Asks: 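Input: one structure, supplied below.
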Amino acid sequence: MLIRQFEKADILQMISIWNEIVEEGIAFPQEELLDEKTGLDFFSSQSYTAVAENNGVIVGLYILHPNNIGRCGHICNASYAVSSKVRGQHIGRQLVLDCIEKGGKLGFKILQFNAVVESNVYARRLYESIGFHQLGTIQNGFRLKNGEYENICPYYIEL
């Protein structure tokens with residue numbers, strides 16, 4: 001598997017994976033689905049967008065961008081998406097590790113996740129196994145697709 005910077009030719013596959021997560025309604029804060037134009041605009045606006053490619057097929061991706069501005073601009077944030085067809089194959093781990101390396105190369109000092117949904121135990125185990133630290137719990141910080149609220153757990157790691 002190759003993790004590389006995205007190219008315009010990847011957009012349709014990326015949108016399919018991204019929208020799958022949005023439609024599930026249990027991980028990303030976004031509610032609007034991307035189309036080819038909004039997807040290209042969104043992915044191009046990030047500090048860095050990478051795809052995981054396996055035999056010419058995009059199977060996952062991540063976006064990396066500043067978490068804040070000014071005096072907190074050294075902290076970055078990221079989101080990861082893996083196709084449901086290939087989950088459980090440790091693609092997410094490879095994406096996170098690549099993102100940590102890329103964040104450091106871009107001059108960021110900390111990678112912070114603002115809203116990891118508490119029930120997303122696979123992501124939480126992954127982050128903790130890599131060395132992320134949980135900052136606490138924000139009660140009812142995430143509205144699920146079904147309208148119920150769930151706790152979120154912010155995480156960070158020094159780069």
Side-chain angles (χ1 to χ4, degrees), residues 1-69 73-117 119-134 142 145 152-159:
M1 187 177 66
L2 171 67
I3 298 177
R4 59 169 175 79
Q5 188 168 12
F6 93 99
E7 299 170 357
K8 188 175 179 181
D10 303 323
I11 286 296
L12 292 179
Q13 292 180 80
M14 294 168 66
I15 289 167
S16 176
I17 294 168
W18 187 269
N19 285 347
E20 182 180 20
I21 308 297
V22 173
E23 286 177 329
E24 288 172 350
I26 57 172
F28 286 176
Q30 292 88 353
E31 295 178 296
E32 300 297 322
L33 299 178
L34 298 174
D35 60 30
E36 192 169 354
K37 180 186 180 338
T38 59
L40 182 59
D41 291 346
F42 176 69
F43 294 123
S44 297
S45 71
Q46 307 301 317
S47 296
Y48 189 77
T49 300
V51 295
E53 180 183 344
N54 190 17
N55 296 320
V57 176
I58 305 303
V59 294
L61 62 113
Y62 73 81
I63 60 171
L64 176 66
H65 52 87
N67 195 51
N68 212 318
I69 61 169
H74 62 287
I75 302 173
C76 59
N77 187 284
S79 296
Y80 308 92
V82 175
S83 169
S84 63
K85 297 172 186 154
V86 293
R87 290 183 192 154
Q89 297 180 24
H90 308 288
I91 295 167
R93 173 177 280 283
Q94 293 177 62
L95 288 169
V96 174
L97 292 173
D98 188 83
C99 180
I100 288 170
E101 181 181 338
K102 181 56 76 174
K105 286 181 179 176
L106 291 173
F108 293 108
K109 304 294 183 203
I110 298 168
L111 173 57
Q112 179 177 318
F113 304 142
N114 300 324
V116 180
V117 178
S119 65
N120 192 349
V121 293
Y122 297 112
R124 294 180 65 208
R125 279 190 217 141
L126 168 61
Y127 302 149
E128 290 169 8
S129 74
I130 290 172
F132 282 82
H133 305 281
Q134 184 176 335
F142 188 89
K145 185 176 181 176
I152 55 175
C153 306
Y155 280 87
Y156 81 97
I157 192 168
E158 292 184 38
L159 302 182

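Quick caveat, the model's predicted, so the values are computed rather than measured. One is the number of the first residue; the rest follow in order along the sequence.
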Asks: Are F6 and L40 side-chain neighbours, meaning at least one heavy-atom pair lies under 4.5 Å?
Replies: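 Counting from C-beta outward, F6 and L40 do come under 4.5 Å.
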
Asks: Just verifying a value: how many Å separate I21 CD1 and S16 OG, rounded to the nearest 0.5 Å?
Replies: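 Nearest 0.5 Å value for the CD1-OG distance: 10.0 Å.
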
Asks: Below 4.5 Å, heavy atoms only, C-beta onward: do I26 and N120 meet side chain to side chain?
Replies: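 Result no, sub-4.5 Å side-chain heavy-atom pair not found.
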
Asks: Hey, is CD on Q30 packed in by over 12 heavy atoms from elsewhere, all under 6.0 Å?
Replies: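 Yes.
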
Asks: Enter the distance from K102:NZ to T49:OG1 here, rounded to the nearest 0.5 Å.
Replies: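 These two atoms lie 11.0 Å from each other.
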
Asks: Will you find, in the side chains of D35 and T38, an N or O donor that is under 3.5 Å from an N or O acceptor?
Replies: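 Short answer, yes.
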
Asks: Verify, without hydrogens or angle tests, whether Y62 (side chain) and V96 (backbone) share a donor-acceptor contact under 3.5 angstrom.
Replies: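 No.
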
Asks: Would the distance check show the side chain of K145 and the main-chain N or O of E23 forming a donor-acceptor pair, the cut-off being under 3.5 Å?
Replies: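 Yes, the answer is positive, given that a donor and an acceptor are paired below the 3.5 Å cut-off.
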
Asks: When you measure from the side chain of D10 to the backbone of E7, do you find a donor-acceptor pair of N or O atoms at a distance under 3.5 Å?
Replies: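 Yes, because the side chain of D10 sits within donor-acceptor range (under 3.5 Å) of the backbone of E7.
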
Asks: Between the side chain of Q13 and the main-chain N/O of I58, is any donor-acceptor distance below 3.5 Å?
Replies: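 The answer is yes, because a donor-acceptor pair under 3.5 Å joins these two groups.
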
Asks: Counting only heavy atoms not in H90 (residues, nucleotides, ligands), do more than 12 fall under 6.0 Å from its NE2?
Replies: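 Counting neighbours around NE2 of H90, 12 or fewer heavy atoms of other residues, nucleotides or ligands fall under 6.0 Å, so no.
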
Asks: Any side-chain heavy-atom pair from P66 and F108 closer than 4.5 angstrom?
Replies: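 Yes - at least one pair of side-chain heavy atoms lies under 4.5 Å apart.
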
Asks: Roughly how far, to the nearest 0.5 Å, is the CG atom of L33 from the CG atom of N19?
Replies: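 Those atoms lie 4.5 Å apart.
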
Asks: Please answer whether the main-chain N or O of L97 pairs with a side-chain N or O of E101 as donor and acceptor at a distance below 3.5 Å.
Replies: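 Side chain of E101 to backbone of L97, a donor-acceptor pair under 3.5 Å: no, none is there.
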
Asks: Anything under 30° is parallel, anything over 60° is perpendicular, the rest tilted; go ahead and classify W18 against F28.
Replies: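 The rings of W18 and F28 sit tilted, inter-plane angle from 30° to 60°.
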
Asks: Please check if atom CG in L2 has more than 12 non-hydrogen atoms from other residues, nucleotides or ligands closer than 6.0 Å.
Replies: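 Enclosed.
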
Asks: Is a side-chain N or O of N67 found less than 3.5 angstrom from the main chain of N77, in a donor-acceptor match?
Replies: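 Pair absent, no side-chain N/O of N67 close to backbone of N77.
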
Asks: Identify the heavy atoms of R124 and V116 that sit nearest to each other, and give their distance.
Replies: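 Heavy atoms of R124 and V116 come nearest at CG-CG1, 3.6 Å.
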
Asks: Scan side-chain atoms only and decide if Q134 and Y127 contain a donor-acceptor pair under the 3.5 Å cut-off.
Replies: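 No, no side-chain donor-acceptor pair sits under 3.5 Å.
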
Asks: Are any of the side-chain heavy atoms of I100 and I130 separated by less than 4.5 Å?
Replies: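 Yes; the side chains approach each other to less than 4.5 Å.
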
Asks: To the nearest 0.5 angstrom, please state how far the CG atom of L64 sits from the CD atom of Q46.
Replies: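 Result: 8.5 Å between the selected atoms.
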
Asks: At what distance, to the nearest 0.5 angstrom, does OG of S79 lie from NE2 of H65?
Replies: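 Taking OG in S79 and NE2 in H65, the distance rounds to 5.0 Å.
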
Asks: Does R93 use its side chain to pair, donor to acceptor, with the backbone of L126 at less than 3.5 Å?
Replies: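 Pair absent, no side-chain N/O of R93 close to backbone of L126.
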
Asks: Compare every heavy atom of S83 with every heavy atom of I17, then report the nearest pair and how far apart it is.
Replies: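 That would be CG2-N, 3.8 Å.
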
Asks: Between A52 and L95, what is the shortest heavy-atom contact and its length?
Replies: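 Result for this residue pair: CB-CD2, 3.9 Å.
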
Asks: Between E20 and S84, is there a donor-acceptor pair closer than 3.5 Å when you use the side chain of the first and the backbone of the second?
Replies: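 Yes: the side chain of E20 pairs with the backbone of S84.
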
Asks: OH/Y155 to CG/N114 distance, rounded to the nearest 0.5 angstrom?
Replies: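 That separation rounds to 13.5 Å.
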
Asks: Answer yes or no: does atom CD of E24 have more than 12 heavy-atom neighbours from other residues, nucleotides or ligands under 6.0 Å?
Replies: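 For E24, atom CD is crowded (more than 12 foreign heavy atoms under 6.0 Å).
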
Asks: Do the non-hydrogen side-chain atoms of C76 and L106 ever get within less than 4.5 Å of each other?
Replies: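 Counting from C-beta outward, C76 and L106 never come under 4.5 Å.
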
